[in-house]
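Here it is, the structure, as structure tokens.
Quick caveat, the model's predicted, so the values are computed rather than measured. Below, chains carry the letters A, B, ... as their sequence lines are ordered, and counting in each starts from 1.
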There are 2 protein chains.
Amino acid sequence: MAGSGAAAPTSERILDAAERLFAAKGFAGTSLREITASAGVNVAAVHYHFGSKEELLRAVLSRIVEPVNRERLELLGRAEGAAAPEPPSVEAVLEAFLAPDLRVIRELGERGAVITRFMGRSYTEPSDLVRGMIQEQFGELGRRFHQALCRAVPDVPPDELFWRLMAVVAVVTYMLAVPREEGLGGLLEPDDVDGTLRRMIAFLGPGIRAPAPPRGGQSASARP
Amino acid sequence: MAGSGAAAPTSERILDAAERLFAAKGFAGTSLREITASAGVNVAAVHYHFGSKEELLRAVLSRIVEPVNRERLELLGRAEGAAAPEPPSVEAVLEAFLAPDLRVIRELGERGAVITRFMGRSYTEPSDLVRGMIQEQFGELGRRFHQALCRAVPDVPPDELFWRLMAVVAVVTYMLAVPREEGLGGLLEPDDVDGTLRRMIAFLGPGIRAPAPPRGGQSASARP
DNA sequence: GTCTATAACGGGATAGAC
DNA sequence: GTCTATCCCGTTATAGAC
């Protein structure tokens with residue numbers, strides 16, 4: 001894991017290169033020849049190890065997403081345990097959801113930046129394949145966190161909380177996807193993961209706790 | 001504008017088809033041949049009217065973004081005028097920013113859905129070209145709305161407010177980009193633009209007003 | 001202005017030697 | 001397992017007829 005020399009097995013070299021290039025240029029925008037050239041291997045090696053470009057993508061994606069989502073669920077379980085019979089706070093749920101994404105940046109250095117960018121991109125990737133895989137991965141995770149939010153904020157309706165959870169996904173996704181060199185300010189500050197986490201929680205927490213807007217068609221501002 | 005028959009000029013037919021396909025499959029994932037086949041014109045017509053695939057993209061993008069951003073600025077100006085010498089509320093600023101995006105869905109019907117999806121995608125599009133164009137368009141707009149937020153919430157530091165404005169962009173971008181058929185619930189509800197707008201403002205408003213988190217590396221809660 | 005035809009190239013995938 | 005060589009297809013772009 002630490003030795004990043006040239007001695008890595010071929011399939012991992014391919015995965016690393018594909019990860020980097022998919023993150024930078026998207027799936028459709030990256031050719032197998034770029035990947036194999038960057039990995040220092042032959043084009044045929046991809047087909048031998050993965051079978052096709054699509055399967056390679058699937059391999060790249062699960063190598064990233066699975067451990068992060070596992071950590072999310074683990075942190076959520078720990079937060080629920082620590083809160084004893086009470087449900088954990090909104091902030092604790094948010095932290096369990098956001099921290100693994102942010103932490104990966106610090107712990108994996110340059111590759112962490114690549115990974116988070118790749119993940120952010122994948123959520124809005126045009127390819128049906130990519131989004132299908134993301135949703136597959138997100139299904140159980142989403143239900144778990146939705147349920148946790150419902151217990152943390154019982155006075156907001158569940159479907160409203162689901163919408164808000166999606167908004168949380170939106171924020172973290174976008175912040176991960178936009179490269180930090182790029183105008184718009186240093187959105188992520190990879191050196192200050194804790195600060196970014198506090199920033200996100202300070203912004204998102206009040207929105208999740210906020211009372212739901214009144215239902216109904218176009219009634220102006222009637223408020224019971 | 002209303003007559004959407006086959007009598008439309010070639011260049012507009014190309015723009016319409018390109019808009020639809022770029023939205024569905026991304027820039028790199030769409031070929032000129034798909035576009036021209038869908039538009040019922042010849043491949044060479046693209047080069048005659050636009051010069052290249054990139055220039056076609058630029059044309060598609062500005063046709064969409066420019067009127068929306070113009071309306072955003074106009075609504076902001078109107079809100080500032082209505083609030084007299086006082087600055088407008090956070091909610092008024094948010095509405096000026098969000099409403100044009102949402103309204104386009106209702107007013108343009110199916111094409112509105114296509115457009116919003118295209119816009120949402122473009123913000124995280126892997127292509128440097130696309131993002132460069134988006135940023136170009138966003139520059140002045142971002143400054144204007146940032147300034148408006150700073151006056152609406154003077155007790156939150158400007159850079160924090162800029163970060164939060166980006167979070168607003170993230171939410172609207174994501175909600176626009178995710179197709180509504182797709183699991184994750186009907187995030188946008190194009191039939192109920194007003195409801196969606198209230199929902200967004202109810203969620204985002206409190207986050208923007210929230211006190212900024214304490215600064216500094218890992219010092220707990222020192223606040224000068 | 002719009003078409004046909006073709007150039008010039010790069011893409012993913014595969015067969016078979018080693 | 002890994003390479004070379006090649007197939008076959010789709011891509012952007014252009015030249016020239018109409």
Side-chain angles (χ1 to χ4, degrees), chain A residues 3-61 63 118 121-122 125-130 132-133, chain B residues 3-61 63 122 125-130 132-133:
Chain A
S4 60
T10 299
S11 66
E12 282 196 22
R13 299 237 305 279
I14 294 175
L15 284 174
D16 291 340
E19 179 178 277
R20 188 158 25 84
L21 288 166
F22 285 159
K25 311 172 54 168
F27 177 70
T30 305
S31 71
L32 285 184
R33 304 180 118 84
E34 291 177 89
I35 294 171
T36 53
S38 165
V41 304
N42 194 274
V43 203
V46 170
H47 291 95
Y48 178 79
H49 285 283
F50 301 97
S52 72
K53 192 187 178 186
E54 285 197 358
E55 287 303 313
L56 169 61
L57 171 67
R58 168 164 271 119
V60 169
L61 227 149
R63 187 177 67 151
F118 180 81
R121 290 259 164 94
S122 299
E125 173 86 17
S127 157
D128 291 339
L129 173 76
V130 179
M133 291 168 56
Chain B
S4 59
T10 299
S11 67
E12 282 195 23
R13 298 237 306 280
I14 295 174
L15 283 174
D16 291 341
E19 180 178 276
R20 187 158 25 85
L21 288 165
F22 286 160
K25 312 173 50 167
F27 177 68
T30 305
S31 71
L32 285 184
R33 304 181 113 83
E34 291 177 89
I35 294 171
T36 53
S38 165
V41 303
N42 195 273
V43 203
V46 170
H47 292 94
Y48 176 79
H49 285 282
F50 301 96
S52 72
K53 191 186 178 186
E54 285 196 2
E55 286 305 314
L56 170 60
L57 171 68
R58 168 164 272 122
V60 169
L61 226 148
R63 187 176 68 151
S122 299
E125 173 87 17
S127 154
D128 290 340
L129 173 75
V130 180
M133 289 167 55

Side-chain donor or acceptor of A/S38 paired with backbone N/O of A/E34 under 3.5 Å | no
According to a strict under-4.0 Å criterion, is A/S31 in side-chain N/O contact with OP1 or OP2 of C/dG11?
->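 Yes, because at least one side-chain N or O of A/S31 sits under 4.0 Å from OP1 or OP2 of C/dG11.
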Gap between atoms CD and P, on A/E12 and D/dG1 respectively (whole Å) | 14 Å
Do any N or O atoms from the side chain of B/K53 and from the backbone of B/F27 form a donor-acceptor pair under 3.5 angstrom?
->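 Such a contact is found between B/K53 side chain and B/F27 backbone.
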Quick one: pull up OG1 in A/T10 and NE2 in A/H49 and give me the separation to the nearest 0.5 Å.
->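 Separation between the atoms: 5.0 Å.
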Given atom CZ of B/F27 and atom P of D/dT11, what is their separation to the nearest angstrom?
->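 Roughly 14 Å, once rounded to whole Å.
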Which is true for A/A44 with a 4.0 Å heavy-atom rule: it touches a base, it touches only sugar-phosphate, or it touches nothing?
->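 Result for A/A44 = base.
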Mind calculating the distance between CG (A/L21) and P (C/dG11) to the nearest angstrom?
->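 Checked: the CG to P distance equals 12 Å.
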Could you check A/R33 against A/H49 and say which one's nearest nucleotide on DNA chain D is further toward the 5' end?
-> A/H49
Presence of B/T10 side-chain N/O under 4.0 Å of C/dG1 phosphate oxygens OP1/OP2 | no
Nearest to side-chain heavy atoms of A/N42, which nucleotide of C/dT4, C/dA13, D/dT4 = D/dT4
Quick one: which of D/dT14, C/dC3, C/dT2 gets closest to the side chain of B/H47?
->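 Within the option list, the nearest is D/dT14.
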Just compare D/dA13, D/dT2, C/dT2 and give me whichever is closest to any side-chain atom of A/Y48.
->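 Of the options given, the side chain of A/Y48 lies nearest D/dT2.
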Closest to the A/V41 side chain, choosing from D/dT2, D/dC3, C/dC3 =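 Closest nucleotide among those given: D/dC3.
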From the options A/T36, A/L32, A/V60, A/L56, select the one residue that forms a side chain to side chain contact (heavy atoms under 4.5 Å, CB included) with A/I14.
->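 The passing option is A/L56.
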Between D/dT11 (P) and A/L32 (CG): distance, integer Å | 16 Å
Measure from CD1 on A/I14 to C1' on D/dT2 and round the result to the nearest Å.
->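 Rounding to the nearest Å, CD1 of A/I14 and C1' of D/dT2 are 10 Å apart.
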Atom CD of B/E54 to atom P of D/dT11: distance rounded to whole Å?
->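 One finds 17 Å between P of D/dT11 and CD of B/E54, rounded.
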For atom CD of B/E34 and atom P of D/dG10, their distance in whole Å |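 Answer to the nearest Å: 11 Å.
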A/I35 atom CD1 is separated from C/dG10 atom C1', nearest whole Å, by 15 Å
Are any non-hydrogen side-chain atoms of A/L15 and A/R20 less than 4.5 angstrom apart?
->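 A/L15 vs A/R20: side chains apart.
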